[in-house]
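Reviewing the structure listed below.
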Amino acid sequence: MKGGIKISKLIFKNGQQLDLKENSIVLFVGPNNAGKSATLNEIYDDLLNVKPNKKIIDDVQHHRTGSFEDFLSNIEPQLKNGYYHGFNGSTYNADSLKYDWDNPRGRNASQFVIKKIDTISRLQSVAPPSSINFLVQVPTHPFHHLQTNDKLNAEFSEYFKSAFGQDIIVNFGAGSVVPLHVGNKPETNSKKDRVSTKYLEELSHLGQLDNQGDGMKSFVGVLLPILTQNFSILFIDEPEAFLHPPQASI
């Protein structure tokens, strides 16, 4: 992906080296407590210029891809009123990000294009986020992207239904929060749209995603960041956790 980060080589403490190809999927397999999660954490921390006492990874060779303009294009959804809103809660102007982009170890630019999804965070990520005013605020949660992009919403719903045989529906009228519901989607027509009282009453009888089993929550917690945000590197710890083989395959 232009305007992102590419890892070219991993060098391990034992001397082993792993060359990575463009757009590759790298899978670490092994028994419990073999160091798979620790390896992902050390690579992720290295890219964010965090310097813990690394036990597995000796070096992560990486470089920026594309131009700074490509980078700004990728993170445009995070731009509001002249400032780019980072996932760490901070805001940056273009000049500060340019300085950071030119520094291979600049963590502020890196946080926009890499993401780590572990088992705990993805289960917690399906809790309904607060509603936002899209005219003055940037999306801070994948559910917000579903509110504003019907095409993305339809694609996500299709994946979910293929996995679980049920619809997943954004509630546009829940007030201060944005929940997702699971079940048979209420019908809409010229007199009953998705914010009408009748529609919302029917939707309220369906269970919310955050009250469903860990399989559904984990599936959504992995899939939504991939679909809704333009990351160049994703670290997914135990991608098959809580899922039956058919859902894990999807």
Which pair of non-hydrogen atoms, one from [X] and one from [Y], has the smallest distance, and what is that distance?
{"X": "Leu203", "Y": "Pro186", "value": "N-CG, 4.0 Å"}
{"X": "Asn93", "Y": "Tyr84", "value": "C-CD1, 4.5 Å"}
{"X": "Arg64", "Y": "Asn103", "value": "NH2-O, 3.1 Å"}
{"X": "Asn81", "Y": "Val136", "value": "ND2-O, 4.2 Å"}
{"X": "His145", "Y": "Pro139", "value": "NE2-CB, 3.7 Å"}
{"X": "Gly82", "Y": "Leu79", "value": "C-CD1, 3.7 Å"}

Are [X] and [Y] close enough that some pair of their side-chain heavy atoms sits under 4.5 Å apart?
{"X": "Pro129", "Y": "His144", "value": "yes"}
{"X": "Thr39", "Y": "Ile57", "value": "yes"}
{"X": "Leu47", "Y": "Phe235", "value": "yes"}
{"X": "Pro128", "Y": "Val178", "value": "no"}
{"X": "Lys80", "Y": "His85", "value": "yes"}
{"X": "Leu97", "Y": "Ile75", "value": "yes"}
{"X": "Phe242", "Y": "Lys217", "value": "no"}
{"X": "Leu227", "Y": "Tyr159", "value": "yes"}

Check your understanding: Does Phe172 have Arg194 sitting over its ring (NZ/CZ under 6.0 Å from centre, angle to axis within 45°)?
Key -> yes
Practice item. Count the heavy atoms belonging to other residues, nucleotides or ligands that lie under 6.0 Å from NZ of Lys185, then report whether that count exceeds 12. Key: no
Point to revise | CZ (Phe68) with more than 12 external heavy atoms under 6.0 Å | key: yes
Point to revise | Residues that Asp167 engages under side chain to side chain donor-acceptor pair (under 3.5 Å), provided they are two or more places apart | key: Lys161
Distance, nearest 0.5 Å, that separates [atom1] of [X] from [atom2] of [Y]:
{"X": "His62", "Y": "Ile43", "atom1": "NE2", "atom2": "CD1", "result": "12.0 Å"}
{"X": "Ile7", "Y": "His63", "atom1": "CD1", "atom2": "NE2", "result": "10.5 Å"}
{"X": "Ile169", "Y": "Leu146", "atom1": "CD1", "atom2": "CG", "result": "12.0 Å"}
{"X": "Gln61", "Y": "Asp46", "atom1": "CD", "atom2": "CG", "result": "10.5 Å"}
{"X": "Ser176", "Y": "Ile132", "atom1": "OG", "atom2": "CD1", "result": "13.5 Å"}
{"X": "Ile120", "Y": "Glu238", "atom1": "CD1", "atom2": "CD", "result": "10.0 Å"}

Review point. Which of parallel (below 30°), tilted (30 to 60°) and perpendicular (above 60°) describes Phe143 and His141?
Key: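 Taking His141 first and then Phe143, their aromatic rings stand perpendicular (interplane angle over 60°).
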Tell me if a side-chain donor or acceptor on [X] pairs with a main-chain N or O of [Y] at a distance below 3.5 Å.
{"X": "Ser73", "Y": "Glu69", "answer": "no"}
{"X": "Asp100", "Y": "Ser96", "answer": "no"}
{"X": "Arg107", "Y": "Asn49", "answer": "yes"}
{"X": "Ser110", "Y": "Gly106", "answer": "yes"}
{"X": "Asp70", "Y": "Lys2", "answer": "no"}
{"X": "Asn171", "Y": "Leu180", "answer": "no"}
{"X": "Ser249", "Y": "Pro246", "answer": "no"}
{"X": "Glu155", "Y": "Lys151", "answer": "no"}
{"X": "Ser196", "Y": "Asp193", "answer": "yes"}
{"X": "Thr65", "Y": "Gly4", "answer": "yes"}

Should [X] and [Y] be regarded as members of a common hydrophobic cluster, given that ILVMFWY residues are connected when their side-chain heavy atoms come within less than 4.5 Å of each other, either directly or indirectly?
{"X": "Ile236", "Y": "Leu123", "answer": "no"}
{"X": "Leu206", "Y": "Phe156", "answer": "no"}
{"X": "Ile250", "Y": "Val126", "answer": "yes"}
{"X": "Val177", "Y": "Leu209", "answer": "no"}
{"X": "Leu234", "Y": "Val222", "answer": "yes"}

Point to revise | Candidate list Asn41, Asp45, Asp237, test side-chain hydrogen bond (donor to acceptor under 3.5 Å, both in side chains), partner Lys116, passing option | key: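 For Lys116, the side-chain hydrogen bond (donor to acceptor under 3.5 Å, both in side chains) test succeeds with only one of Asn41, Asp45, Asp237, which is Asn41.
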**Study point:** Residues Lys192, Glu202: salt bridge by 4.0 Å N-O rule
**Key:** yes
Practice item. In plain terms, say whether Lys98 and Asp102 are close enough for a salt bridge, that is, a side-chain N and a carboxylate O under 4.0 Å apart. Key: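 Here Lys98 pairs with Asp102 in a salt bridge, since their nearest N and O are under 4.0 Å apart.
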Check your understanding: Under 3.5 Å, is there a donor-acceptor pair between the Tyr92 and Gln111 side chains?
Key -> yes
**Study point:** Asn74 vs Phe112, side chain to side chain contact (heavy atoms under 4.5 Å, CB included): CA-CA, chis, key distance, verdict
**Key:** CA-CA 9 Å; Asn74 288 334; Phe112 283 93; over 6 Å; no
Point to revise | Positive for side-chain contact (heavy atoms from CB on, under 4.5 Å) with Val220, one of Val182, Asp210, Ile168 | key: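 Exactly one candidate clears the test, Ile168.
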Review point. Should Leu10 and Asp59 be marked as a side chain to side chain contact (heavy atoms under 4.5 Å, CB included) after you check the CA-CA gap, both sets of side-chain angles, and the distance that decides it?
Key: CA-CA 6 Å; Leu10 300 175; Asp59 189 31; over 6 Å; no
Exercise for review: Run the numbers on Leu72 and Glu76 for side chain to side chain contact (heavy atoms under 4.5 Å, CB included), then give the verdict.
Suggested key: CA-CA 6 Å; Leu72 290 184; Glu76 187 174 359; over 6 Å; no
Donor-acceptor pairs under 3.5 angstrom involving side-chain atoms of residues 12-32: please list them, not counting sequence neighbours.
residue, atom, partner, partner atom, Å
Asn14, OD1, Gln16, N, 2.9
Gln17, OE1, Lys9, NZ, 3.1
Ser24, OG, Lys21, O, 2.9

Exercise for review: Using ring pair (Phe, Tyr, Trp, His ring centres under 6.0 Å) as the criterion, list what pairs up with Phe231, not counting sequence neighbours.
Suggested key: Phe87
Check your understanding: When you look at Gln166 and Met216, which way does the side chain to side chain contact (heavy atoms under 4.5 Å, CB included) test go after all the steps?
Key -> CA-CA 11 Å; Gln166 299 184 68; Met216 283 187 177; 3.4 Å; yes
Review point. What about the rings of Phe164 and Phe219, do their centers lie closer together than 6.0 Å?
Key: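 For Phe164 and Phe219, the ring centres are under 6.0 Å apart.
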